[in-house]
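Read the structure below first, then the notes.
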Amino acid sequence: MRKIFLTLLILASFSALGFGFKKKEEAIIVLTSKNPAEISSIDEKVTPQYVFRPNSKIYFMVSNPNGFKSDYIKYQIVKQNPNVNVGGYNRVRNITARVRNKNYFSSYFTLTDAGKYIIQVFDIENLQQWLANLAFRVIDE
């Protein structure tokens, strides 16, 4: 419980500073390579990242101050096709997950291919409008 409280506190500080892409002051997404469940003190910080290596764990946290409307959310990871100027997106992941806390969700995923990606989070009751989305990259160096 303490770890969840610390993570929510960190997410609240990120939203106060304007990190992440916000839609009408609702939900925010934070991506990081550090597992938020391993935060042991308030002095440790989760630094948001937007560039990752292939095959690394990408942890994401979604905070919704208004609360999720249902017990399930859907998150999608979409990759931009570099050979197409406009449009050209392919859905890489499309996952429905159960939300145990009405204001917070955390999980991780791995991506093997380099490229530009977008993560989108939807409430299962409204799949036409995302709650939050965030662009990031996977770079093979």
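Quick note: numbers below take in every heavy atom, side chains included, and nothing from hydrogens, waters or symmetry partners.
Criterion: ILVMFWY side-chain heavy atoms under 4.5 Å apart, direct or through other members. Under it, Ile95 and Leu31 are part of a common hydrophobic cluster. Using a 4.5 Å cut-off between side-chain heavy atoms of Ile, Leu, Val, Met, Phe, Trp and Tyr, with links allowed through other members, Phe109 and Tyr50 fall into the same hydrophobic cluster. No continuous path of hydrophobic side-chain contacts links Ile73 to Val78 [ILVMFWY only; heavy atoms under 4.5 Å].
Taking OH from Tyr117 and CG from Leu111, the interatomic distance works out to 5.0 Å, rounded to the nearest 0.5 Å. Taking CD of Gln76 as the reference point, atom CG of Leu127 lies at 8.0 Å (rounded to 0.5 Å).
Counting heavy atoms from C-beta on, the side chains of Ile77 and Ile118 never come closer than 4.5 Å. Put simply, the side chain of Asn64 reaches to within 4.5 Å of the side chain of Leu131, judged on heavy atoms. In this structure, Val121 and Lys74 have side chains that are not in contact, with every pair of non-hydrogen atoms separated by 4.5 Å or more.
Pairs engaging residues 122-132 under the salt bridge (charged side-chain N to carboxylate O under 4.0 Å, His left out) rule: none recorded [sequence neighbours left out]. Screening residues 60-70 for salt bridge (charged side-chain N to carboxylate O under 4.0 Å, His left out), with sequence neighbours left out, gives no hits. Evaluation of the salt bridge (charged side-chain N to carboxylate O under 4.0 Å, His left out) test over residues 99-114, restricted to residues two or more places apart or in two chains, returns Asp71-Lys102. Residue pairs that meet the salt bridge (charged side-chain N to carboxylate O under 4.0 Å, His left out) test with at least one member in residues 78-99, sequence neighbours left out, do not exist here.
Among all heavy-atom pairs drawn from Asn103 and Gly67, the shortest one is OD1-CA, 3.2 Å. Closest non-hydrogen pair, Thr112 versus Asn55, comes out as CG2-OD1, 2.9 Å. Closest heavy-atom contact between Trp130 and Gln120: CD1-OE1, 4.1 Å. In this structure, Ala27 and Val62 approach most closely via the heavy-atom pair CB-CG1, 4.5 Å. The shortest non-hydrogen separation linking Ala97 to Phe105 is CB-CZ, 3.5 Å.
Aromatic ring orientation, Phe136 versus Phe52: perpendicular (interplanar angle above 60°, classes split at 30° and 60°).
In this structure Arg137 satisfies the salt bridge (Lys or Arg N to Asp or Glu O under 4.0 Å) test with no other residue, sequence neighbours excluded. Here Tyr89 pairs with nothing under the ring-ring contact (aromatic ring centres under 6.0 Å, His included) rule; sequence neighbours left out.
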**Q.** Candidate pair Ile29 and Ile119, rule side-chain contact (heavy atoms from CB on, under 4.5 Å), full reasoning
**A.** CA-CA 9 Å; Ile29 300 175; Ile119 182 169; 4.1 Å; yes

Q: Show your working on side-chain contact (heavy atoms from CB on, under 4.5 Å) between Met61 and Tyr104 and close with a plain yes or no.
A: CA-CA 7 Å; Met61 298 163 280; Tyr104 171 80; 3.9 Å; yes

(Q) Determine whether Val99 and Tyr72 satisfy the following criterion, side-chain contact (heavy atoms from CB on, under 4.5 Å), listing intermediate values before the conclusion. (A) CA-CA 5 Å; Val99 178; Tyr72 292 91; 5.9 Å; no

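Side chains of Thr110 and Lys57: no donor on one and acceptor on the other come within 3.5 Å.
Aromatic ring centres of Tyr75 and Phe60: separated by under 6.0 Å.
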